Amino acid sequence: MPFPFPSKKSRISLFTSAFHFIKRLISNMTMKEFKQTQSLIIRTGLGRSPLVKRRLLSCCCGRGFGDMSYARLLLDLIPTPETSLWNCLIRGHSVRGAPWAAVAVYVEMLASGVGPNSHTFPFLLKGFTRDDAVAYGDELHAHVLKFGLSSNAHVRSALLRMYAVSGAVDTARELFEKSPERDVVSWNAMISGHNRSNMFEESCRLFAAMAGESVMPTATTYVSVLSACAKMRGLECGRQIHRRLMNGNLLPDLRLQNALIEMYGQCGDLDSAWRVFRDMQTRDVISWTAVVVGFAKSGEVDRARALFDRMSERDRVSWTAMIDGYVRAGRFKEALHVFREMQAAAVRPDEFTMVSLLTACAQLGALEMGEWTRAYMERNGIKMDIAVGNALIDMYSKCAQVDNAVDIFRRMHRKDKFTWTAMISGLAVNGHGEDAIDLFSQMVGTSVRPDEVTYIGVLTACAHAGLVDEGRRFFSSMITAHGIMPNVTHYGCLVDLLGRAGRLEEAWETISNMPMRPNSAVWGALLGACRVHRNLEMAELAAKHLVELEPHDSAAYLLLCSMYASCNKSEEARKMREMIRVKGMKKEPGCSVVEMDGEVHEFVAGDRSHPRTGEIYSKLEEMIEELKRAGYVPDTTEILRGAGEEEEAASAAIYQHSEKLAVAFGLISSGSGVTIRVVKNLRICIDCHNAMKYVSKIYRREIVVRDRRRFHHFRSGSCSCKDYW
DNA sequence: GTAGGGTTAG
């Protein structure tokens, strides 16, 4: 039944109420119902009205509903669409995360002879990511100027945001400072933009400057500034803002309370974080996640887990935060377990989850799981961003697969300092010192600046490659060329570098002249060098310092013991053992992990907890016999024992070292020729190092042991470390 | 008939 034909004025009001009706109707509709409604509209004659066409188009482009190709058809039905209609289409593509399509529509609009208006650019730029901003940003900015839209506040804020997401804070600032008026939205865009570029002090400075210009902050402003305080651990600044908020009228506000929890949590003030959380009337998943992260980061991962278990809703962020909490706590197996729970809960992981997962794999040396993670990303279309790339490089390096790490490195289009640092260190610890140094010179040729961690990789590379003079040069160039002051770790590398090369006097001199107190790593490096270069006198001095720094660790004494023994000073060795026993010093329990079929198996010395423990021990027994037949003699100098204990007991203990158990397990649970990879928490002991060489030869297996300091690739009876470690 | 700024994870 057609509508009656009333006067023009009442016709407009009738149409208006019809539009509102249609709008309400359409908002919850499927596309099919929408098309049915549309045919009804056409039949009633309403469809001829440009207003109705616009409404239909607008609904089609809305979020969560509609169909862009159908919207396109509708637009094509309009003879000469004006800017607002094109804007609808542009907005549709933007909210659907397809900024390139939005740009294409914009270009088409221009080609059809229609110019943009002040609404066009906010729509167009809203969906821009970093890459879009880099690709189209400057040209679109030129369009803004050409069409005379640069004085519009909305357009300017959209441009500010665009420059901020691409990391071009300087351009954003220039635009901001040239603005005729700076309203609160543009200040907010500047503050969040600096947050995005990790320039948190500048965010706080802008916040102060804003007050100087009497611009009233909004809730958005406070959220951004609190986030900056959180990231820069600015607890005092954060507290001041909290006080201001309590005196103002903005609280309670969910987003602000979440930002407060986050700020307190990151700054380590868990009591305050908990108080804010406790006093909230309504909490969302972000509130819960923020408090879980707070506990996890302050080392209370079990408390974090207890809260996590109480969450009624868990999204990918909360799951990832929990995984990361275990990674931070060094509980990598549990991290992997949480990931499996996440999958069981059917929550889709993203690239953040992958980074945490890969970090756990790297630390465990779990290559299979790491490879699985990579394949999982490809299967599920999780994008490999720069952080994922960095995590992959690290994972492959820590699993001794340098070639794969290099492959990832080469394929990364963008590289940040973490990328370069991961690759340089990866090459260095895997024994490719020269390549690491080559890479460093390439890095210096780019705009990416090395930091103190990069230099640790560089110095490690020099040490492993025996490049003493280069190492010394790099050490001075870090100050002169890059303004980085060496810390105690750098001095440790330098001592290691000189010590390995047998320049013990220079190493000693370095320690004497360093501007800070040497730590145990520095003395440990010297002691290790003394052992290799058989300088008992200096070793005793180094050990003395080491014991002062770590009185409960027997490592230094054990090393001395073995030196006394090899210098035929058995009486000193005996006294040393006696002292260790009397002082009740403990050796940190050694622990080795080995991955088989994607599962991580953990062994401590004398471990009998493994389900296949019977088989493992009989293999171990057989293995020791084979080794002995081939000429292996157990070396028990590093074994703690009392005066009455016999050699036999000492060898029994040494046979059950965790890495031997791990290798025995590897031999029974993998096919012939398969490489066995073991990750140990301590340095590998002399006897195990020797035994591994025999195993690699007798069983024709490649064995890779990653210990606390480096990799040992055992192949055909010898080790890549050339017996220096 | 439509618009700009924000928070949780690496």
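Sequence lines set the chain letters: A, B, ... in the order given, protein chains first and strands last, and positions in each chain run from 1. All values below come from the heavy atoms of this structure, side chains included, with hydrogens, waters and symmetry mates left out. Keep in mind it's a predicted model, so treat the numbers as computed, not measured.
Side-chain atoms of A:Asn87 lie closest to B:dT2 of the nucleotides B:dT2, B:dG5, B:dA9. Of the candidates B:dT8, B:dA3, B:dG10, the closest approach to any side-chain atom of A:Phe123 belongs to B:dA3. For A:Pro122, the side-chain atoms get nearest to B:dA3 when compared with the rest of B:dT8, B:dG10, B:dA3. The listed nucleotides are B:dA9, B:dT7, B:dG4; the one nearest the side chain of A:Val185 is B:dG4.
OP1 or OP2 of B:dG5 has at least one side-chain nitrogen or oxygen of A:Arg161 nearer than 4.0 Å. The side chain of A:Arg328 places an N or O atom within less than 4.0 Å of a non-bridging phosphate oxygen (OP1 or OP2) of B:dG10. Contact annotation: A:Lys126 side-chain N/O to B:dG4 OP1/OP2 distance is under 4.0 Å. A:Thr353 has no side-chain polar atom (N or O) that falls below the 4.0 Å cut-off from OP1 or OP2 of B:dG10. Look at A:Gln266 and you'll find a side-chain N or O under 4.0 angstrom from OP1 or OP2 of B:dA9.
Remark: C1' of B:dT8 and NZ of A:Lys231 are 9 Å apart, rounded to the nearest angstrom. Rounding to whole angstrom units, CZ of residue A:Arg196 and C1' of B:dG5 are separated by 10 Å. Between A:Asn198 atom CG and B:dA9 atom P the separation is 13 Å, expressed in whole Å. Atoms CD1 (A:Ile261) and C1' (B:dG6) sit 16 Å apart, rounded to a whole Å.
Donor-acceptor pairing under 3.5 Å, judged by distance alone, is absent between the side chain of A:Asn152 and the base of B:dG4. The base of B:dG4 is not paired with the side chain of A:Ser186 by any donor and acceptor separated by under 3.5 Å.
Residue A:Trp288 is tested with A:Trp319, A:Phe308, A:Phe277 for a ring pair (Phe, Tyr, Trp, His ring centres under 6.0 Å); the sole match is A:Phe277.
Here the two rings, on A:Trp420 and A:Phe409, have centers that are under 6.0 Å apart.
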